[in-house]
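Structure first, then comments.
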Amino acid sequence: MYELNTQEITGFQLSVDILIHILQNLDAKDILRVRQFKSVWLVVLDRACERYGIFKPTFPLDRMSTLDLENASTSPYKFLRSIKGLDEGDYPVPYHTSVLRFHSGSRSTGKNTGHDVKTLHLIPGGRFLLTSGRSYCLWDLGYSANVAAKPFPFAELLYLESSGFGAVVPGSDGKSIILGTTQRHEMAPQHYSINIHIMDLTESQTPTFRLAATLLLGVITGPVRMYHLGDSLAILWSHPYVVLWNWAGGVVCKWYVDKLAGIEPQAFVSDNSIFLWDQSSMRVWDLPAGDAFSPISDYGDIVVIPNRPKASVQNFSDEGFIMSTTSPWHRSPSADRYLCQLYPGMPYLRLFSVKSPSESRDDFLPGSYLVPGGESDNEYGPGFRGWIGQGVSSLFQCEDELVLCSRSGGEQSALVAMVLKVPKSASLDEIVPFSRALTPCGSVTPSWSLYQFDFCAFSGRAVYFTPTGDVLVSDYVLPSYGA
């Protein structure tokens, strides 16, 4: 695979004003020549991947033409421009839509049977799709609409007992993915374990999932859910505890959550804190320091540590809500984080910026906090008549705008793209979302199950179940053609 060394090309950066001044003094043919340099677009695409949290192995740089690189680098702008040009009530016609056929086995075995698929997880960049069913499979859909999807999975993880999807995130090397799963033991249904698998997509022609760590939770009295997965840390809910597991270091701790309204709260994890919402309030805990962890027990016993919440705020409503947050793939230290709350069945939306105090913060303050960025009593705005259903994508930032995709409610569900302005300051003012349906009403399964669709705003690609059970992939950015 092509390795890009950007240090030789990006030793310095020029301001936009200086670049404009330079271009104004060039002839038209010289400007066109600059656009045709492949080295320029290699750097632009690499920088875009860093900026927007895109999985770099998405793009086979050694096989991509200059036009391919330019098209990939500018795809998010093209997608936004295309939906903003639609009249209210219209939806875009995809440049390419295909039914995904999931085949079991491999080309070498000659098998051609259907593959069981229940959930969809599109890796940022849009090329790789992780599915779960009787196994976890990674599929190659092609990096653009003019590259055909591969018919067989190029990596598969089988499991024998009841398993649930936890999270999938990038490895620190930028070439691997980390998969976290929860597993209930069929012979002892009250016993759960958490498994971490790693796969390097560049290590061979047939990459495999490698088991990196396992945590036995012991006897469980309620739901188990993975809130966060990182290079070394996993954060879990095991009723009524928050569990922090340093899976790379083999140490773990947990704390008890009292006065809990409900048995499975929602959570958002920032660099320093965890925000936990139950049916009555939102509370904030700082993540404990490394000396609070203890070695893992073979019997699932985890040391309980004292950890009190730093802040508590009453919920806007006791009705349940769903969250769209900045993608966990977006790991640039300088990246801003955002959180959008949406209330299924209610015409309401709230937007927040996630901020952290300076390093010399007061110990009384939480490590991170939510700053209001506006609210709306019409979650879709005037561009789509409907209400939010169950299911929403991550928030994608493109310049000064945030993009997400949701499934509308009711029996005639559609995928709806929503655009919000990035908050510039703290505000409780009314905001007006811009929304356009990506698919006709009734084209998406109305199931309330999670992970029935996914969306990548960078590539303009959506993957979703139809009411008949087919899985469609639709591309809303025109692919490049020619040399």
Side-chain angles (χ1 to χ4, degrees), residues 2 4 6 9-10 13-20 22-23 26 28-86 92-96 122-128 141-147 327 329-330 332 335 393-405 417-422 434 436 438 455-462 473-483:
Y2 186 92
L4 176 63
T6 60
I9 311 173
T10 58
Q13 291 188 356
L14 298 177
S15 70
V16 174
D17 291 337
I18 294 176
L19 288 173
I20 292 175
I22 293 173
L23 292 174
L26 293 177
K29 64 178 182 179
D30 293 325
I31 295 175
L32 292 176
R33 285 183 61 197
V34 170
R35 182 181 175 186
Q36 293 170 358
F37 282 124
K38 187 173 183 178
S39 60
V40 171
W41 289 109
L42 284 169
V43 173
V44 172
L45 181 56
D46 184 80
R47 187 165 58 236
C49 290
E50 290 284 347
R51 182 178 183 181
Y52 298 125
I54 302 304
F55 191 44
K56 290 185 179 181
T58 295
F59 303 106
L61 302 179
D62 54 341
R63 302 200 303 271
M64 295 175 69
S65 68
T66 302
L67 193 57
D68 289 335
L69 294 168
E70 178 183 346
N71 192 67
S73 303
T74 57
S75 286
Y77 309 100
K78 292 178 179 178
F79 170 74
L80 283 174
R81 185 178 61 193
S82 68
I83 64 172
K84 286 184 175 181
L86 295 170
V93 177
Y95 290 104
H96 181 267
L122 197 60
I123 304 298
R127 175 181 175 183
F128 299 110
L141 306 184
Y143 65 87
S144 72
N146 56 6
V147 179
S327 169
W329 291 74
H330 205 163
S332 171
S393 72
S394 296
L395 274 174
F396 175 81
Q397 183 175 355
C398 183
E399 300 295 340
D400 62 345
E401 293 178 310
L402 300 171
V403 187
L404 63 90
C405 183
M418 181 189 302
V419 183
L420 302 165
K421 288 293 185 181
V422 169
F434 177 91
R436 289 293 184 268
L438 296 181
F455 172 72
C456 175
F458 186 87
S459 61
R461 173 171 285 177
V473 54
S474 293
D475 290 291
Y476 295 93
V477 174
L478 181 68
S480 59
Y481 292 98

Measuring from [X]:[atom1] to [Y]:[atom2], what's the distance to the nearest 0.5 Å?
{"X": "Arg461", "Y": "Asp475", "atom1": "CZ", "atom2": "CG", "answer": "4.0 Å"}
{"X": "Phe128", "Y": "Thr58", "atom1": "CZ", "atom2": "OG1", "answer": "5.5 Å"}
{"X": "Ile123", "Y": "Trp329", "atom1": "CD1", "atom2": "CH2", "answer": "4.0 Å"}
{"X": "Ser474", "Y": "Phe455", "atom1": "OG", "atom2": "CZ", "answer": "11.0 Å"}

Which atom of [X] lies closest to which atom of [Y], heavy atoms considered:
{"X": "Ala145", "Y": "His96", "value": "CB-CB, 3.8 Å"}
{"X": "Leu478", "Y": "Asn71", "value": "O-OD1, 3.2 Å"}
{"X": "Met64", "Y": "Ala72", "value": "CE-CB, 4.2 Å"}
{"X": "Ser75", "Y": "Ser459", "value": "CB-CA, 4.3 Å"}
{"X": "Phe458", "Y": "Leu45", "value": "CZ-CD1, 4.3 Å"}
{"X": "Leu86", "Y": "Pro92", "value": "CD1-CD, 3.4 Å"}

Aromatic ring proximity, centroids under 6.0 angstrom, Phe79 and Phe396: no
Please check if the side chain of [X] supplies one atom and the backbone of [Y] the other of a donor-acceptor pair under 3.5 Å.
{"X": "His330", "Y": "Ile54", "answer": "no"}
{"X": "Arg127", "Y": "Tyr143", "answer": "no"}
{"X": "Tyr476", "Y": "Leu438", "answer": "yes"}
{"X": "Asp46", "Y": "Val43", "answer": "no"}
{"X": "Gln397", "Y": "Glu399", "answer": "yes"}

Could you tell me if the side chain of Arg436 sits less than 4.5 Å from the side chain of Lys84, heavy atoms only? no
Let's go through Phe59 and Leu69 carefully: what are the C-alpha distance in whole Å and the side-chain angles of both, what is the deciding distance for side-chain contact (heavy atoms from CB on, under 4.5 Å) to 0.1 Å, and is it a yes or a no? CA-CA 9 Å; Phe59 303 106; Leu69 294 168; 5.9 Å; no
May I have the step-by-step check of side-chain contact (heavy atoms from CB on, under 4.5 Å) for Ser144 and Asp68, ending in yes or no? CA-CA 9 Å; Ser144 72; Asp68 289 335; 5.8 Å; no
